[in-house]
Amino acid sequence: MTVRTRFAPSPTGYLHIGGARTALFNWLFARHHGGEYLLRIEDTDRERSTQEAVDQILDSLAWLGLSPDEPPVFQAQREARHREIAEALLAMGKAYRCWATPEELTEMRERAAAEGRPPRYDRRWRDREPGPEQAGKPFAIRIKAPLEGETIVPDLVQGEVRVANGELDDMIILRSDGTPTYLHAVVVDDHDMRITHVIRGDDHLTNTFRQCMVYDAMGWHRPHFAHMPLIHGADGAKLSKRHGAVSVLDFREQGFLPDAVGNYLLRLGWGHGDEEFIPRDRAVTLFDIKDVGRAAARMDYAKLTHLNGQYLRLADDDALTRDVLERLAKRTVLFGTDGAKRVRMLMPALKERAKTLEELTGAAVFAVQDGPPVMEAKAEALLTPEAKARLADLAAFLQTAPWERSDLDQWLRDYCEVKGIKLGQVAQPLRAALSGSTTSPPIDAVLWALGREEATLRILAGAS
RNA sequence: GUCCCGUUCGUCUAGAGGCCUAGGACACCAGCCUUUCACGUUGGCAGCACGGGUUCGAAUCCCGUACGGGACGCCA
């Protein structure tokens with residue numbers, strides 16, 4: 001049987017990093033087994049669901065390379081089917097009508113809390129026929145939970161999880177307004193979508209017992225379950241905005257590459273020996289749900305950043321240049337005539353020195369603009385009278401230098417030898433004049449990319 | 001409160017009874033490389049939550065405690 005997995009977010013907000021990891025594991029599991037990976041938008045909460053959130057989720061998944069293999073299923077559109085199954089259960093005697101009012105239920109819960117019992121519906125309508133006063137009154141449909149025995153769920157991550165059936169409630173599957181509840185809709189949808197493996201966050205672990213009631217009552221095969229631990233913030237608490245970036249789109253904006261985010265997320269709670277750098281295709285072959293850890297993991301931005309640097313160094317120079325130019329434009333930096341070309345020329349050197357696209361963008365500003373760069377204080381300090389004199393001298397000699405990337409380095413060394421100075425003595429003031437900073441790509445690369453004319457202009461400006 | 005799940009360096013993890021003097025990665029510190037910064041490289045710091053068992057032998061198995069997380073809605 002073909003493996004089919006699904007990612008089922010509810011569109012009540014942006015896709016956060018925890019959801020992204022759930023999607024990734026579903027995707028990897030499906031790919032590893034040559035199966036299909038689907039998306040279901042759980043939009044049954046009309047109050048909180050928005051089209052904007054749906055678009056953001058789709059956008060985030062596409063960015064991560066986790067778009068579904070089939071068009072997304074919208075849960076709200078399947079209401080009739082959910083109702084049909086609820087009524088079938090009723091007809092089979094596996095569910096019943098309940099006329100208990102919200103007030104009655106609240107009272108039940110409060111009394112239970114006061115007596116130290118778990119809050120539970122008392123099943124008052126399970127075996128009771130409606131009287132005349134119920135006529136025309138709205139009712140909910142509740143499923144009959146098994147009274148004895150226990151429910152065992154073999155979980156692919158957590159192992160065998162079991163609970164005494166006495167702990168289970170007669171949960172509502174159809175509300176009194178005729179709409180299905182989440183726990184019921186999920187089961188019907190997963191069954192209809194022929195999902196073979198339900199991989200989700202372990203906040204759903206105990207819900208699984210309740211969902212099993214529906215599978216069992218309908219006589220449907222239960223899918224395999226795998227509940228993965230949640231991601232926490234650096235302080236161990238549930239991940240939230242105060243921990244920094246949580247939305248997938250935030251990571252994109254901050255200059256992380258989707259491959260790096262994917263690799264990081266994969267290693268969070270999953271490992272394969274000592275391997276750390278695991279590109280997507282390698283992940284597909286290695287991934288085994290059984291290797292997923294059982295404990296919650298904390299988000300570590302430093303490690304993500306490090307990994308991002310590794311992917312950045314391997315990234316395509318043209319693609320990086322495009323991205324950086326876009327970011328520069330967004331920063332409203334003024335492009336020089338040859339600005340874009342210079343950024344591209346320096347990209348191989350630039351990307352070795354950055355860990356994120358934002359950092360890369362900052363490092364490219366001096367190259368894209370025309371004219372003397374904005375001087376950092378530390379760079380300014382390098383331009384002593386002595387250094388300025390040297391720059392002026394160098395500018396004159398530079399007019400006859402060969403302007404090739406491969407020749408400039410040697411030419412500079414020769415120049416220093418003739419003048420009897422160390423390379424560092426000329427390189428640093430030169431770096432300051434050309435880039436306005438004390439750090440930059442190798443100075444010969446900067447000279448080469450800037451071109452003789454622009455370089456001369458900046459050196460003379462620095463010398464005066 | 002009841003039920004479910006978890007606990008190896010600061011963080012992510014390797015580890016399926018002897019291979020463990022507990023390995024790797026990030027972070028941190030020091031050295032090397034070097035025209036700056038990075039990269040790279042060498043070394044260092046640092047951990048089996050605690051208490052009982054079982055066993056010739058336990059990070060690994062069992063029980064308990066502590067701590068953490070999750071679920072208990074006519075929310076998803």
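Below, read A as the first sequence line, B as the second, and so on, with proteins coming before strands; counting in each chain starts at 1.
Counting heavy atoms of neighbouring residues, nucleotides and ligands inside a 6.0 Å radius, atom CD of A:E417 does not exceed 12 of them. Environment of CD in A:E104: crowded, with over 12 heavy atoms of neighbouring residues, nucleotides or ligands closer than 6.0 Å.
Under the 4.0 Å criterion applied to side-chain N and carboxylate O atoms, A:K351 and A:D317 are assigned as salt-bridge partners. A salt bridge links A:R78 with A:D189; the closest basic N to acidic carboxylate O contact falls under 4.0 Å. A salt bridge does not link A:D259 to A:R280: none of the charged nitrogens lies less than 4.0 Å from a carboxylate oxygen. A salt bridge is defined here as a Lys NZ or Arg NE, NH1 or NH2 lying under 4.0 Å from an Asp or Glu carboxylate O, and A:E79 with A:R46 meets this definition. The pair A:D393-A:R390 does not count as a salt bridge, with every side-chain nitrogen at least 4.0 angstrom from each carboxylate oxygen.
Between the side chain of A:D274 and the base of B:G23 there is at least one donor-acceptor pair of N/O atoms closer than 3.5 Å. Remark: the A:S440 side chain and the B:C37 base include no donor-acceptor N/O pair separated by less than 3.5 Å. Donor-acceptor pairing under 3.5 Å, judged by distance alone, is absent between the side chain of A:R294 and the base of B:C5.
Note: CE (A:M171) to C1' (B:C75) measures 14 Å, nearest angstrom. Look at NE2 on A:H232: it is 7 Å from P on B:G69, rounded to the nearest Å. For the pair A:E167 CD and B:G1 C1', the interatomic distance rounds to 12 Å; values are reported in whole Å. B:U35 atom P lies 15 Å from atom CG of A:D414, rounded to whole Å. One can place CG of A:N165 at 12 Å from P of B:C4, the figure rounded to the nearest angstrom. Rounded to an integer number of Å, the gap from A:L205 CG to B:U2 P is 19 Å. To the nearest angstrom, P of B:C74 lies 14 Å from CZ of A:R123. For the pair A:Y301 OH and B:G10 C1', the interatomic distance rounds to 17 Å; values are reported in whole Å.
Taking atom P in both B:C61 and B:U7, the straight-line distance is 10 Å, to the nearest Å. The same atom, P, is picked in B:U65 and in B:C26; the two are 40 Å apart, to the nearest Å. Spacing between B:C19 and B:C28 at atom P, rounded to whole Å, works out to 34 Å. B:G57 and B:G64 have their C1' atoms separated by 23 Å, given to the nearest Å. For the C1' atom pair drawn from B:G23 and B:A59, the interatomic distance equals 13 Å after rounding to whole Å. Spacing of C1' atoms, B:C33 relative to B:U42, comes out at 11 Å, to the nearest Å. Distance noted for atom C1' between B:A58 and B:C63: 15 Å (whole Å). Comparing B:A66 with B:A49, their C1' atoms sit 8 Å apart, to the nearest whole Å.
Comparing atom distances between the A:T439 side chain and each of B:C3, B:U36, B:A71 picks out B:U36 as nearest. Here B:G73 is the nucleotide among B:G73, B:A25, B:A27 with the atom lying nearest to any side-chain atom of A:R109. Residue A:P442 places its side chain closer to B:U35 than to any other of B:A76, B:C12, B:U35. Listed nucleotides B:U36, B:C5, B:U35 differ in distance to A:R353; the shortest reach to its side chain belongs to B:U36. Of the candidate nucleotides B:C72, B:U35, B:A76, B:A76 has the atom nearest to the side chain of A:H204. Closest to the side chain of A:Q158, from the set B:C72, B:C12, B:C5, is B:C5. Checking B:A71, B:U11, B:C75 against every side-chain atom of A:D203, the shortest atom distance belongs to B:A71. Candidate nucleotides B:C74, B:U35, B:A76 were compared by shortest atom distance to the side chain of A:I172, and B:C74 ranks first. Out of B:U35, B:C26, B:C74, the shortest distance to the side chain of A:A302 is found at B:C26. Looking at the side chain of A:A140, the nearest of the listed nucleotides B:C12, B:C74, B:C72 is B:C74.
In terms of position on RNA chain B, the residue among A:H306 and A:Q310 whose nearest nucleotide sits closer to the 5' end is A:H306.
In this structure, A:T12 does not reach the B:A76 phosphate: none of its side-chain N or O atoms is under 4.0 Å from OP1 or OP2. In this structure, A:R175 reaches the B:A76 phosphate: one of its side-chain N or O atoms is under 4.0 Å from OP1 or OP2. Contact annotation: A:R120 does not reach the phosphate of B:U2 (side-chain N/O to OP1 or OP2, under 4.0 Å).
Here CE of A:M213 is found 13.0 Å from OH of A:Y215. Values are rounded to the nearest 0.5 Å.
With a cut-off of 3.5 Å on both Watson-Crick or G-U wobble distances, the partner of B:U34 is given as none.
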